[in-house]
> 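Structure below; questions to follow.
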Protein chains: 2
Amino acid sequence: MKSFHEYKNPSLAVDLVVFGYHDNTLSVLLLNRKEEPFKDCWTLPGGFLQMEETFLGTCSRILQTKLGMDQVFLEQLYSFDAPDRDPRGRVIAVGYYALINPAKFNVVAGNMANDVKWFNVRKLPALGFDHKHIFKQALQRLRSKIQYYPVGFELLDELFTITELHELYECILETTIDRRNFRRKILDAAYVINTGLKREGLKNRHPELYRFNKQLKKNSFQINVPTES
Amino acid sequence: MKSFHEYKNPSLAVDLVVFGYHDNTLSVLLLNRKEEPFKDCWTLPGGFLQMEETFLGTCSRILQTKLGMDQVFLEQLYSFDAPDRDPRGRVIAVGYYALINPAKFNVVAGNMANDVKWFNVRKLPALGFDHKHIFKQALQRLRSKIQYYPVGFELLDELFTITELHELYECILETTIDRRNFRRKILDAAYVINTGLKREGLKNRHPELYRFNKQLKKNSFQINVPTES
DNA sequence: TCTCTTTGCGTCATTTTAACGTGAAGTAAA
DNA sequence: TTTACTTCACGTTAAAATGACGCAAAGAGA
């Protein structure tokens, strides 16, 4: 009998869907590949799992070396197993998605990529591998998660106005939400804490600045979106 | 440079949390191992992913050869990567959960197991590997999913009464739900279709039999559970 | 016929939601 | 200073959903 690790195993990759929000636009970070397969094509950043590494370890390594960022919100998405998803052979991909505030990082292309760029999620180029599929699933997860779980603040500055949070929700959910009802729900749920500070330098009334309430009890709010049917 | 598949990769296993419902009890199928590691211990049924296999392919193979069942509801749960989760070495596990109607299958222990048995989810023995952890996550998923998505009927006969469905929900969610409000919600959401038939041979009033409405539009109902806090 | 249990339908007070009104705060131009 | 304009913060109201019950019909057995 062969010893345990001498059987041939599929390779294991981690692929990242990195979301960023800026200028009222939700974007995804894509990387232009320098090598085959999919040379000169846009793909999600990713990398192979090292023998001693955890998934989050691989995520951090990718984020640091390929994109120059660290300490971000990460969540496992799904594992993808289509036998033909990688032309090099059998590669299983574990998808993760990250939420980052682009203002905090200066994205750099590691030496493995021609280029790294933010793309509006509504205007994506063709993607290599099955990355369009992974991306779509990540976007769907983000959309459903933000409706009942406070992830929005990961994409904003530490201090933000209710209006900014409202715009974020409208942008991600691609819908309109009544401004006044939104404010009431967010405040009733104690999603945010009023800092007493105000955002200065705007041409109209200066709105109050809030911070995320870290003591928020989970599932305490529910933003509804009109169902299309 | 080494060719692509000569790098050493972690092994990839698929582990199954098979739920069954019978006699007002939610159970999980466990397997008593015949070999090391965890010889004579209870574990989730599982198996290694073959090079050409999909996850669902592995699931079917396990269900058929180890348990003698096929054609069941399966959903991917999560992938588990703790470096020490398997004493034989680095093994990544992809967790799936299955919902089956025990009345439809006669569970058999394949030749790899001492025994296969249903265990009440509230009275589980110690489990090998990190299988307790996988199980807990599966139970949590089932509980949250059943509140907004029609999965309950996978565990029942094709024809069932509202009372039977109600008991299933109370059993899985470990709570009491008002019988009359439950009925109203299920009917308003068009979760089920009245067949006009009645369940005969009961000692009291003969309830109407329903079947699941396969045209149900998703997210059309929401069973609430009192939040403990 | 009477009793007992389950089933199916209904009522009602309370809470939640969606839709929208309005005055205060602030800037800029008259 | 006054006026005009915009955004912000807080209300109001009608409709819908929810939770907590009431009750009579159906069926079995005494």
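Each chain gets a letter, A, B and so on, in the order its sequence line appears, and its residues count up from 1. Given the structure is predicted, the values throughout are model-derived calculations rather than measurements. Side chains included, hydrogens not; waters and symmetry mates left out as well; all remaining heavy atoms used.
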> Where each residue is assigned the nucleotide of DNA chain D containing its nearest heavy atom, which of Gln222(B) and Gly201(B) is assigned the position nearer the 5′ end?
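Per heavy-atom nearest nucleotide, the more 5' residue is Gln222(B).
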> Please report, rounded to the nearest Å, how far the C1' atom of dT16(C) is from the CG atom of Asp188(A).
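After rounding, the gap between these two atoms is 10 Å.
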> Applying side chain to side chain contact (heavy atoms under 4.5 Å, CB included), name anything that partners Thr54(B), two or more places apart in sequence or on another chain.
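Testing Thr54(B) for side chain to side chain contact (heavy atoms under 4.5 Å, CB included), a comparison that skips the adjacent residues, returns Asp81(A), Pro83(A), Leu56(B).
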> Between Asp115(B) and Lys117(B), does at least one N-O distance fall below 4.0 Å, as a salt bridge requires?
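Looking at Asp115(B) and Lys117(B), the cut-off is not met.
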> What is the distance, rounded to the nearest whole Å, between atom CZ of Phe182(A) and atom P of dA19(C)?
16 Å
> Rounded to the nearest Å, what distance is computed from the CZ atom of residue Phe160(B) to the P atom of nucleotide dT6(C)?
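Checked: the CZ to P distance equals 21 Å.
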> Using ring centroids (six-membered ring only for Trp), state whether Tyr148(B) and Phe221(B) fall under 6.0 Å.
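No.
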> In whole angstrom, give the distance that lies between atom CD of Glu200(B) and atom P of dT7(C).
13 Å
> Measure from CZ on Arg199(A) to C1' on dT27(C) and round the result to the nearest Å.
17 Å
> Would you mind building the protein contact string for nucleotides 2-12 of chain D? One character per nucleotide, 5' to 3', B for base within reach (heavy atoms under 4.0 Å), S for sugar-phosphate only, - for untouched.
----BBBBBB-
> Indicate yes or no: does Asp15(A) engage Arg85(A) in a salt bridge with an N to O separation below 4.0 Å.
yes
> Assert yes or no for the condition that the ring centre distance of Tyr191(A) to Phe212(A) is strictly below 6.0 Å.
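Between Phe212(A) and Tyr191(A), which both carry aromatic rings, the centre distance is below 6.0 Å.
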> What pairs with Phe80(A) under ring pair (Phe, Tyr, Trp, His ring centres under 6.0 Å), at least two apart in sequence or on another chain?
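Tyr78(A), His133(A).
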